[in-house]
Structures are given as C-alpha cells and as structure tokens.
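These notes concern the structure reproduced below.
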Amino acid sequence: MLNFLKSEKTAKVAGDSVLLGLVYRGLGGVFEDMRDMQTSITYYKKALDIFESSGNAKYGPYAYLDLCRAYRNSTDYKKSSGLADIGYRIADSIGNVSLLSHFIRMKGNNLISEGKFREARREFDKLDSLGASAYYVPRDWMQKGILCIEEGDIRGAEVCNDSLKSHIPDEEWLSARIYMAKKDYKRASEIQSSEISIQNDYIKGILNMDFTNTLSDYYALQERDAEMRLAAERKEKLYLLSFGLLLLTLIGIIYYHRGKVYRTKVDNIMSIGEELKNILGDKQSVIDVMAIEKANREDELAKLRHELDDVNRTSKEDIHSLLSSRFNMLDSFCNLYYEYGATKKDKEHIYEKVISTIKSISDDDVIAEFENEVDSKMDRLITRFKNDNPKLTPPERKMFLFMVYGFSNKAISVLQNVKVEVIYNRRSMLKKKIAEHCISDAKEEYLQYFG
C-alpha cells in the first residue's frame with residue numbers, strides 16, 4: 001500500500017493522469033481484497049473519473065468493470081447492473097469481445113443474486129451471440145445450468161453440464177444438482193460419497209456444502225417417507241377398526257329396529273283380530289237380517305221384471321190388436337189390389353172401398369195418430385227413432401212406421417204408390433242407413449223390425 005501511496009504522489013507531481021488512474025485502480029483492488037468495499041468503491045470512482053476526463057479508451061472500460069465488481073461485492077446489485085450496461089455498450093463500441101463477456105457475466109450474476117433467474121439466463125445466452133463459446137468459463141456453464149434448473153429446464157441444464165464436462169471431465173457438481181432436480185436423491189448422495197477432484201476451491205466448497213445439504217435432505221426425506229408410511233398404515237387400521245365398529249353398530253340398530261317394527265306389527269294384527277272377532281260376533285245377527293232383506297229384494301226385483309215383460313208384451317199385443325181391428329181389412333185390400341190390380345173387372349169391385357181407406361191411411365193426421373199410438377205403447381219408439389236417425393227422409397220414417405205396425409211389402413208399396421220391387425230396395429237401403437248412421441245404442445232395437 002505504501003508503494004501505491006508513493007506512486008500516487010509521483011503521478012500527481014508529474015501530472016501523469018494515466019499513472020494516477022492506474023494507482024487508484026490498484027488501491028481500489030487492495031481495499032477490495034481487504035473487504036473494505038466503501039473505500040474500494042471510492043478509489044475505483046476516482047480512477048474512472050480520471051480515465052473519462054482524459055478520454056482514455058484503453059483503461060476506461062476496465063475501470064467500469066472494477067467499479068461494477070465492487071458494487072456487486074457490496075451487494076448493491078442494481079448499481080452494479082447499471083454500470084455493467086454502460087460498460088457493455090462501451091465494450092461493444094470498441095469491439096472488445098472478451099470485455100463484453102465480463103460485463104455479461106457480471107450482470108447475469110447480479111440478476112441471480114436478485115433471484116431473477118429468467119432474466120439472468122437471457123444474459124448468459126448473450127454469450128452465445130458473441131459467436132465465440134471460448135469466452136465461456138466453467139463457472140458460466142455452472143451458473144447457466146443452475147438457471148435452467150431454476151426454470152425447470154432440465155434438458156437445458158444437461159446441455160450445460162455436457163459443456164462443463166468438456167472443460168473439466170471429472171466435474172460432477174452440476175450433475176448432482178440435476179439429480180436433485182429430478183428428485184433422484186440416491187444418485188446425488190452417491191456423487192457426494194465419491195472422491196471428486198475439483199481444482200477450484202471455491203467451487204469445491206460450494207459442492208461440499210451443497211452435497212451435505214443434499215444428503216441430509218435425502219435422509220430426512222427417507223425418514224419422512226417412513227413416518228408417512230407408518231402413519232398411513234396406522235390411519236388405515238384406525239379407519240378399518242372405526243368402520244367395523246360403525247358397521248356392527250349399524251347392523252345392531254337395524255336388527256333392533258326391525259324387531260321392534262315386527263313386534264309392533266304383530267301386536268297390531270292381534271289387536272285387529274280381536275276387534276274383528278268382536279265385530280263379527282256382535283254383527284252376525286245384522287248379517288242374517290241383511291241376507292233376508294237381500295232375498296226379499298231379489299224376489300221383488302224378479303216380480304218387477306215379470307211385470308215389465310208383461311207390460312211390454314201387452315203393449316206389443318195392443319199394437320197388433322189395433323192393427324188387427326183396424327187394418328186387417330186394409331192389408332187384405334192392398335194385397336188384393338196388388339194381385340188383381342191389372343184386371344179391370346176386379347178393380348171395379350174393390351176400387352171404391354180400397355181407395356178411400358188408402359187415402360185415409362196416407363193422411364198426415366192419421367200418420368201422426370199412428371206415431372203417437374206407437375210412442376204411448378212402446379216407450380216413445382218413433383220419437384227416439386227420429387232423434388237417433390236425423391238423416392232419414394220423411395218417406396223413410398213413414399216406411400219404418402209401417403214396418404213397426406207389421407205391414408207387408410206389398411201393402412207398403414200400395415200405401416206409398418210405388419212398385420213392390422222399389423219397396424224391397426228402399427227397405428234394404430233404410431236398413432243400411434240405420435246400421436251406419438244411427439247415433440245411439442238403440443240400433444239393434446230398430447233393426448229387429450226388418451225381420
């Protein structure tokens with residue numbers, strides 16, 4: 001240090017700014033080795049000011065690198081990264097690739113220290129853009145491999161490990177970290193137990209500390225796994241025991257409940273049986289009386305049926321009696337008229353009697369009288385027939401009335417003044433209309449008059 005102080009005095013007397021700047025760089029390095037970072041930063045700043053004021057392009061960029069390193073060692077990573085950016089631009093402008101790699105490495109390490117691994121990896125990737133991988137040093141491959149691991153890029157870490165081993169074949173530090181990332185603690189511990197020759201003492205110290213932590217983590221993980229398996233087994237047994245007890249309790253509750261329900265049902269059935277027995281004993285006489293009343297009612301119903309049949313039979317007999325008394329002669333005349341109608345002699349004998357009777361039968365008032373007579377004797381037959389067959393014409397309804405009275409086809413042909421063949425056709429058509437268009441269930445009742 002005394003030599004640097006003498007050199008400082010000499011440079012000031014001689015007015016040699018380059019020498020004074022170099023002296024200040026040397027003093028900064030001395031205090032940096034002494035870990036007096038504030039004094040070191042002061043001297044590095046003086047050297048940088050002298051080189052910048054004198055416009056010295058040879059030593060100025062290195063002064064930036066010294067100051068950048070000093071701020072990093074004082075853990076002021078932001079100022080260190082800012083100076084690294086300035087130094088990077090200066091080195092890029094003069095085309096000093098080696099100096100560029102130092103500034104890239106410096107900023108990348110600062111970002112690692114700040115925990116900004118993704119940005120740090122991008123900085124180290126700039127070394128590839130320099131076009132000269134020779135500027136990579138083993139420490140760079142280690143740093144970049146760690147960044148890949150931090151980002152989960154195990155494949156990228158393995159590439160960095162291969163590059164590292166191309167410089168130091170026996171270097172296994174990054175390999176151990178990769179196995180740790182893969183959770184292969186056994187392989188990592190094997191690397192720890194092997195004797196590995198590492199030339200860099202700083203890296204060796206990190207490796208030993210890292211492997212110690214790895215091995216302790218591995219054994220702790222084994223113990224934790226064993227404890228977790230034991231706890232899981234105990235928990236499983238406890239669950240099985242609890243489930244068994246719960247199942248037995250549930251079965252007991254179910255059987256108890258079913259027994260209770262069964263006993264309740266039996267009691268209810270017995271109670272109902274007793275009540276039924278009492279009711280049957282008390283109501284037997286009532287049942288006998290009801291049976292007698294039922295028999296009496298059935299007798300009365302049979303009598304009523306007989307009376308109804310008699311009434312119906314009487315009604316039909318009255319209709320036929322009426323016809324016999326009033327229209328037998330007319331029916332005979334009509335038949336005779338049909339058979340001998342073409343004979344002039346017979347026409348003269350029966351013409352006057354028959355024609356007056358036929359005209360009286362065809363009169364609307366007489367027809368209405370016939371209909372009323374049938375309705376009164378046969379449960380409103382004609383009225384129901386008209387209502388149930390609204391599509392029939394008046395001649396068709398009159399023809400049905402004659403059929404109810406039992407007129408023959410010949411008589412109906414005379415009364416309607418048409419040929420008997422026409423009556424046959426009309427009778428068939430009337431029957432078909434009733435079968436197809438009757439709107440009530442009395443269809444069969446009406447069709448029975450067609451014979």
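This one's a predicted model, so the numbers in the text were calculated from it and none came from an experiment.
Across every non-hydrogen atom of Gly87 and Tyr64, the tightest pair is CA-CB, 4.4 Å. Across all their heavy atoms, Tyr449 and Met403 have their closest contact at O-CE, 3.4 Å. In plain terms, the two heavy atoms of Ser74 and Met37 that are nearest each other are CB-CB, 3.9 Å. Nearest heavy-atom pair, Leu392 versus Arg397, reported as atom, atom and distance to 0.1 Å: O-NH1, 2.8 Å.
Residue Asn268 places its CG atom among more than 12 non-hydrogen atoms of other residues, nucleotides or ligands, all under 6.0 Å distant. Under a cut-off of 6.0 angstrom, the local environment of CZ in Phe450 is crowded, with over 12 non-hydrogen atoms contributed by other residues, nucleotides or ligands.
In this structure Leu245 satisfies the side chain to side chain contact (heavy atoms under 4.5 Å, CB included) test together with Leu241, sequence neighbours excluded. Listed by chain and residue number, nothing satisfies the side chain to side chain donor-acceptor pair (under 3.5 Å) test with Asp379 (two or more places apart in sequence, or in another chain). Every residue two or more places apart in sequence or in another chain that forms a side chain to side chain donor-acceptor pair (under 3.5 Å) with Ser81 is listed here: Asn110. Remark: Tyr446 engages Asp388 in a side chain to side chain donor-acceptor pair (under 3.5 Å) (not counting sequence neighbours). Under the side chain to side chain contact (heavy atoms under 4.5 Å, CB included) criterion, Leu250 pairs with Ile254, not counting sequence neighbours. Evaluation of the side chain to side chain contact (heavy atoms under 4.5 Å, CB included) rule for Arg89 yields Asp85, Ile86 as partners, not counting sequence neighbours. In this view, Arg427 satisfies the salt bridge (Lys or Arg N to Asp or Glu O under 4.0 Å) rule with no residue, not counting sequence neighbours. Every side chain to side chain contact (heavy atoms under 4.5 Å, CB included) that Asp36 has, sequence neighbours left out, goes to Phe31, Gln38, Thr39. For Tyr44, the side chain to side chain donor-acceptor pair (under 3.5 Å) partners are Glu32, Arg69, not counting sequence neighbours.
If you look at Phe407 and Phe402, their ring centroids are closer than 6.0 Å.
Side-chain atoms of Ser428 never come within 3.5 Å of backbone atoms of Tyr424 as a donor-acceptor pair (strictly under, hydrogens ignored). Looking at Asp375, its side chain does come within 3.5 Å of a backbone N or O of Thr383 through a donor-acceptor pair. Not a single donor-acceptor pair under 3.5 Å links the side chain of Asp76 to the backbone N or O of Tyr71. Of the possible polar contacts, none joining the Asp92 side chain to the Tyr88 backbone as a donor-acceptor pair under 3.5 Å is found.
Screening residues 428-451 for salt bridge (Lys or Arg N to Asp or Glu O under 4.0 Å), with sequence neighbours left out, gives Arg384-Glu445, Glu396-Lys433. Residue pairs that meet the salt bridge (Lys or Arg N to Asp or Glu O under 4.0 Å) test with at least one member in residues 248-272, sequence neighbours left out, do not exist here. For the ring pair (Phe, Tyr, Trp, His ring centres under 6.0 Å) condition, no pair includes a residue of residues 225-253, sequence neighbours left out.
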For this session: Under the side-chain contact (heavy atoms from CB on, under 4.5 Å) rule, what do Met399 and Ile423 come out as? Steps first, then yes or no, please.
Result: CA-CA 9 Å; Met399 182 175 180; Ile423 295 300; 3.8 Å; yes

Can you list the steps and then say if Ser113 with Arg72 is a side chain to side chain donor-acceptor pair (under 3.5 Å)? CA-CA 9 Å; Ser113 299; Arg72 169 170 170 71; 3.0 Å; yes

Q) Under the side-chain contact (heavy atoms from CB on, under 4.5 Å) criterion, do Arg234 and Leu238 qualify, and how do the steps go? A) CA-CA 6 Å; Arg234 291 176 179 174; Leu238 181 61; over 6 Å; no

Taking it one step at a time, do Arg426 and Val418 satisfy side-chain contact (heavy atoms from CB on, under 4.5 Å)?
CA-CA 11 Å; Arg426 289 182 180 179; Val418 294; 4.0 Å; yes

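Between Glu371 and Lys386, at least one side-chain nitrogen of the basic residue sits less than 4.0 Å from a carboxylate oxygen of the acidic one, meeting the salt-bridge criterion.
To the nearest 0.5 Å, the span separating CG on Asp66 from CG on Leu83 amounts to 11.0 Å. Rounding to the nearest 0.5 Å places CG of Leu447 at 8.0 Å from SG of Cys438. Interatomic distance, Cys68 SG to His102 NE2, rounded to the nearest 0.5 Å: 12.0 Å. Distance check: Ile90 CD1 to Leu99 CG gives 9.0 Å after rounding to the nearest 0.5 Å. We find the CD-CG distance between Glu421 and Asn409 to be 10.5 Å, quoted to the nearest 0.5 Å. The structure places NZ of Lys235 at 10.0 Å from CE of Met228, a figure rounded to the nearest 0.5 Å.
Lys78 has its side chain within reach of Glu114: a pair of non-hydrogen atoms, C-beta onward, lies under 4.5 Å apart.
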